[in-house]
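Scroll down for the structure; my scribbles are underneath it.
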Amino acid sequence: MMAMNWHLPPWLSANEQRTPPIHQPGEPRVLQLSTRVIDPLAAYAILYEFEDVLSSSAPSTRVTPENRAALEANRRRYKLIRRLRASSALADRFSAGASMPVPDGEYDLAVATVSNAWNLHLTRAVRDWKSQIGFAACYIFEAWASELPDDYLLEMLEPFDHVFVGLSHAVEPLARRCGKPCSWLPLAADVLRFAPHHPMQARSIDVCNIGRRSEVTHAAFQALVRERGIFYYYDTAMTPRGSVGFTVNSPADHRNLYANLLSRSRYFVANRAKLTDPRVGHIHEIPARFYEGIAAGTVLIGEPPDTACFREQFDWPSAVISMPFDYDEPLSVLEEMEADDARRQATSRTNVRQAAQYHDWLHRIERIFEIAGLPPTAAMRARRERLALVTHAFT
């Protein structure tokens, strides 16, 4: 049997993976509003990863509605009453049948995490939560300006002090519609999960190409499998029509599998978000795969967003190796990189280092705490130290 090096790197320890974080007395308490029970979708696993890092970073209590049908009935009832021109307070009163109480106590910060603005009725699933909160923040991962929902949903942002949006172009339109302070909070990744255990870790997958893809480029990669014997990893499952994706038993396990695949991949195809969607494809946005790919140390190839926001986030040489979306000669891109192995390895190390310094979920949580006027916790400082170990290892 081939010898395996299965030792954990210094930024991970068996003890830290098995035991919950120990928070200090007097630190800011956080209330989380989450959809993880009613929406255990693979596509939403990134939301729950953010929530998990938040839980490990500050003393947290999570409220998770468990009855989607009841929540949806409440939404329809609220919508009907508002369309009858009744007040939001009256609509609230008659659509709170399945609402849950907030666990006893005072909280310095509430964070509601939703995949898109159409899921804002999650906040109506918790009864009188604002009265126990110092500062309330909502993080909407994917909000496209042209697809913002009706006012009856956006008015559910009224209790929040600040709204964070994962897509930069939607900040101003959403702020105008909801009347709340809004900020762009870029997506990120759990770098401690995605980072390879060693800079020279074997990468047995030559090309990873998952999610939305070009069929032209996909066919070209399949030809390379037949003609050159490359290991090409891609999706074969299809999302059912009208569905937002498939469910998973454990979002954390799904993220672990995804991280393991990427940390074993040399090249990862990454294009700007929803490039083929006729409704929003003309808008250039940064999807999560860019952050996940660099955290795993892959070499990104594809068509990135042509925006100042992207250039600000990925401002180092070779952050993305340009390859047009419908490109039928990807071999030329791969051969150029493979001809200079020192460059490929340097790109891989730089990507991990940049992710650890700027694009871990901790960096986004710190921004939320800063706007909320809250001090960092001991666990946040400890995570920064672990990320510094990743940076050092990939220098």
key: Nearest heavy-atom neighbours spanning Pro196 and Ala296   = CG-O, 3.3 Å
request  = Sorted by first residue and then second, give each salt bridge (Lys or Arg N to Asp or Glu O under 4.0 Å) pair with at least one member in residues 282-294; sequence neighbours left out.
outcome  = Arg255-Glu292
ask   = Would you call Arg29 and Leu109 a side-chain contact if the rule is heavy atoms closer than 4.5 Å?
value = no
request  = Please list, chain by chain and in numerical order, all residues satisfying ring-ring contact (aromatic ring centres under 6.0 Å, His included) with Tyr327, sequence neighbours excluded.
outcome  = none
task = State whether the number of non-hydrogen atoms from other residues, nucleotides or ligands found under 6.0 Å of Glu72 atom CD is greater than 12.
result = yes
inquiry  = Is there a continuous path of hydrophobic side-chain contacts, each under 4.5 Å between heavy atoms, that joins Ile140 to Leu187?
reply    = yes
message = Among residues at least two apart in sequence or on other chains, which ones pass ring-ring contact (aromatic ring centres under 6.0 Å, His included) with Phe268?
response = none
query = Side chains of Leu275 and Glu303: does their closest heavy-atom pair fall under 4.5 Å?
reply = yes
query = Do Arg212 and Asn271 have side-chain heavy atoms sitting under 4.5 Å apart?
reply = no
message = Is it true that, when you exclude Asp315 itself, more than 12 heavy atoms of the residues, nucleotides or ligands shown sit nearer than 6.0 Å to its CG?
response = yes
inquiry  = Students often mix this up, so state it plainly: with edges at 30° and 60°, are the rings of Tyr152 and Tyr78 parallel, tilted or perpendicular?
reply    = tilted
inquiry  = Go through it in stages, so that I can follow the logic: the residues are Asn116 and Asn119, the test is side chain to side chain contact (heavy atoms under 4.5 Å, CB included), and I'd like the CA-CA distance, side-chain angles, deciding distance and then a yes or no.
reply    = CA-CA 6 Å; Asn116 57 69; Asn119 282 342; 4.1 Å; yes
query = For Arg36, does its backbone N or O pair with a side-chain atom of Ser34 as donor and acceptor, under 3.5 Å?
reply = yes
request  = Would you check if the side chain of Ser263 reaches a backbone N or O of Ala259 as a donor-acceptor pair within less than 3.5 Å?
outcome  = yes
task = Looking only at non-hydrogen atoms, find the nearest pair between Leu154 and Ala117 and report the distance.
result = CD2-CB, 4.4 Å
Verify same cluster id: Val37, Leu71 (apolar side-chain graph, 4.5 Å) = no
remark   = Nearest heavy-atom contact between His359 and Ala188 is O-CB, 3.2 Å
inquiry  = So which atom in Pro330 and which in Met323 form the shortest heavy-atom distance, rounded to 0.1 Å?
reply    = CB-SD, 3.8 Å
key: Test side-chain contact (heavy atoms from CB on, under 4.5 Å) applied to Leu389 - qualifying residues, sequence neighbours left out   = Pro10, Trp11
message = Count I, L, V, M, F, W, Y as connected when their side-chain heavy atoms are under 4.5 Å apart, and connections chain through other members. Are Val299 and Ile294 then in the same cluster?
response = no
message = Looking at every heavy atom in both Ser318 and Arg343, which two are closest together, and how far apart are they?
response = OG-NH2, 3.4 Å
query = Looking at side-chain heavy atoms only, is the closest gap between Asp52 and Trp361 below 4.5 Å?
reply = no
ask   = Among all residues two or more places apart in sequence or in another chain, which pass the side-chain contact (heavy atoms from CB on, under 4.5 Å) test with Ser214?
value = Val216, Thr217, Phe325, Asp326
With Tyr48, the side-chain hydrogen bond (donor to acceptor under 3.5 Å, both in side chains) member among Thr35, Thr113, Asp39 = Thr35
query = Do Met156 and Leu122 come within less than 4.5 Å of each other through their side chains, counting heavy atoms only?
reply = no
ask   = Is it true that a side-chain atom of Ser332 and a backbone atom of Glu329 form a donor plus acceptor pair closer than 3.5 Å?
value = yes
Sequence-distant partners of Phe194, ring-ring contact (aromatic ring centres under 6.0 Å, His included), two or more places apart = Tyr258
Which pairs would a plain distance check flag for residues 228-235, meaning a side-chain donor or acceptor within less than 3.5 Å of a matching protein atom at least two apart in sequence or in another chain?
| unit_1 | atom_1 | unit_2 | atom_2 | d |
| --- | --- | --- | --- | --- |
| Tyr232 | OH | Asn209 | ND2 | 3.0 |
| Tyr232 | OH | His218 | ND1 | 2.7 |
| Asp235 | OD2 | Gly211 | N | 2.7 |

Donor-acceptor pair, side chain of Asn67 and main chain of Ala70, under 3.5 angstrom = yes
query = Would you call Gln313 and Tyr291 a side-chain contact if the rule is heavy atoms closer than 4.5 Å?
reply = yes
task = Please check if the side chain of Asn351 supplies one atom and the backbone of Thr298 the other of a donor-acceptor pair under 3.5 Å.
result = yes
query = Sub-3.5 Å donor-acceptor pair from the side chain of Arg386 to the main-chain atoms of Arg381, do we have one?
reply = no
task = Apply side chain to side chain donor-acceptor pair (under 3.5 Å) to the pair Gln357 and Thr391, showing each step before the final yes or no.
result = CA-CA 7 Å; Gln357 289 178 310; Thr391 300; 4.7 Å; no
inquiry  = Surrounding CG of Asn249 (heavy atoms of other residues, nucleotides or ligands, distance under 6.0 Å), is the total greater than 12?
reply    = no
ask   = Residues in ring-ring contact (aromatic ring centres under 6.0 Å, His included) with His169, at least two apart?
value = Trp144
ask   = Is there a salt bridge (charged side-chain N to carboxylate O under 4.0 Å, His left out) between Glu385 and Arg383 once you walk through the steps?
value = CA-CA 5 Å; Glu385 292 173 0; Arg383 187 175 180 93; over 6 Å; no
key: Face-on cation placement of Arg353 at Phe394 ring, 6.0 Å and 45° thresholds   = no
request  = Classify the side-chain pair Ser55/Gln32 by whether it contains a donor and acceptor separated by less than 3.5 Å.
outcome  = yes
message = Within the structure provided, determine whether Phe135 and Ile371 are in side-chain contact (heavy-atom separation under 4.5 Å).
response = yes
Side-chain heavy atoms of Val63 within contact of Pro103, under 4.5 Å = yes
query = Shortest non-hydrogen contact from Pro199 to Arg349?
reply = CB-CD, 4.2 Å
With Ala223 via side-chain contact (heavy atoms from CB on, under 4.5 Å) - residues at least two apart = Arg226, Glu227
inquiry  = Could you go through Arg311 and Asp306, starting from their C-alpha distance and side-chain angles, then the distance that decides it, and tell me whether this counts as salt bridge (charged side-chain N to carboxylate O under 4.0 Å, His left out)?
reply    = CA-CA 8 Å; Arg311 289 185 285 274; Asp306 184 14; 2.7 Å; yes
query = By salt bridge (charged side-chain N to carboxylate O under 4.0 Å, His left out), which residues pair with Asp108, not counting sequence neighbours?
reply = none
With sequence neighbours excluded, residues passing side-chain contact (heavy atoms from CB on, under 4.5 Å) with Glu172 = Arg176
task = Kindly write out the residues that satisfy salt bridge (charged side-chain N to carboxylate O under 4.0 Å, His left out) with Arg177, not counting sequence neighbours, or none if the list is empty.
result = Asp151
Pair His162-Phe160, ring pair (Phe, Tyr, Trp, His ring centres under 6.0 Å): steps then yes or no = CA-CA 6 Å; His162 203 99; Phe160 292 96; over 10 Å; no
key: Test log, rule salt bridge (charged side-chain N to carboxylate O under 4.0 Å, His left out), inputs Arg279 and Glu147   = CA-CA 9 Å; Arg279 300 166 300 175; Glu147 297 181 351; 3.5 Å; yes
